[in-house]
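Below is one structure, written out as structure tokens; comments come after it.
First listed ligand is number 1; within each ligand, the first listed atom is number 1.
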Amino acid sequence: MATKIKVEHLSIHYGNIKAVKGISFEFTRGQITTLIGANGAGKTSSLKCIAGLLPAKTGKIILDKDNVHIEITKMTPADRLRCKIALCPEGRGVFPNLTVLDNLMVGAYLNKDHKKILELVEQQYELFPKLAERRNQLAGTLSGGEQQMLAIGRALMSEPEFLMLDEPSLGLAPVIVEQIFDKFVLLKKQGLGLLVVEQNASLALEVSDYAYVLETGTMTLNGTGEALLKDSRVQEAYLS
Ligand SMILES: Nc1ncnc2c1ncn2[C@@H]1O[C@H](COP(=O)(O)OP(=O)(O)O)[C@@H](O)[C@H]1O
Ligand SMILES: [Mg+2]
């Protein structure tokens, strides 16, 4: 039985603004799931809510593990990290005045095992050799692509089973985006469950096992990445 996160009838409001209106979707370990949608569709709100950074107005978020259902809807962000769910936020959010190494260490803040933390740092350096070269450099001096790698590495420092990525390709050159998506495929093969949010749909759909389209707070389409790539509605709205 696959381990997955199930989102059921989730609504998210900001005062009177209904940002997310009763959406349901799921993502599974060992797969890449993509959420595509235009600016303002509710993608970031959904990820923040799963990470515990925004409350759900209605609905449930369930971790389905070995046939045991753990409801996480009201858990603190730290408890969700302990449930192995991590978020790589929109805009990367690296600490510009900390070194690469110190940014990575922040990602392991729940871990008290110093030896293990150093092992995890080495793992991120192996995944992104650029980070190893720049380990003592301040994060603010890195290129956009390197900052994105650092943000991903920092999220991986919590040893997640699920990693949510909010627009990882934003503002990056196509060649860098491809390098980063190659790593997503590698991480998936290692058993991670990735939920990738993208406005830039074509590459994301190409590597997706499953994908959902979110429009003004509502899920309008879903299917395999392959099926959505061929869908004329997706092609018109997101691939042209
Ligand atoms: N802090 C906030 N206060 C009020 N409205 C917000 C806030 N954050 C987002 N929204 C609104 O919620 C909707 C969804 O936003 P968001 O989740 O950021 O979409 P996306 O990530 O798909 O661009 C938008 O209409 C946006 O204006
Ligand atoms: Mg967003």
Looking at Lys116 and Glu119, does any basic side-chain N land under 4.0 Å from a carboxylate oxygen?
yes
Enumerate the residue pairs fulfilling salt bridge (charged side-chain N to carboxylate O under 4.0 Å, His left out) with a member in residues 196-215, sequence neighbours excluded, ordered by first and then second residue.
Lys188-Asp209
Decide whether Leu131 and Leu163 are clustered together by the hydrophobic rule: side chain heavy atoms of Ile, Leu, Val, Met, Phe, Trp, Tyr closer than 4.5 Å, transitively.
yes
Could you name the protein residues that come within less than 4.0 Å of ligand 1, counting only heavy atoms, and order them by chain and residue number?
Tyr14, Ile17, Ala19, Ala38, Asn39, Gly40, Ala41, Gly42, Lys43, Thr44, Ser45
Step by step, would you call Val213 with Asp231 a side chain to side chain contact (heavy atoms under 4.5 Å, CB included)?
CA-CA 11 Å; Val213 177; Asp231 189 293; over 6 Å; no
Checking Arg29, Arg80, Lys4, Lys84 against Glu161 for salt bridge (Lys or Arg N to Asp or Glu O under 4.0 Å), the one that qualifies is Arg29
What's the spacing between Asn97 CG and Asn103 CG if we round to 0.5 Å?
10.0 Å
Check salt bridge (Lys or Arg N to Asp or Glu O under 4.0 Å) between Arg135 and all other residues, then give those that pass, not counting sequence neighbours.
none
Thr33, Thr224, Asn222 screened by side chain to side chain donor-acceptor pair (under 3.5 Å) with Tyr210, the one that passes:
Asn222
For the residue pair Ile50 and Phe27, establish whether any side-chain heavy-atom pair is separated by less than 4.5 Å.
yes
Note, the Mg ion (ligand 2) has protein N, O or S atoms under 2.8 Å numbering 2
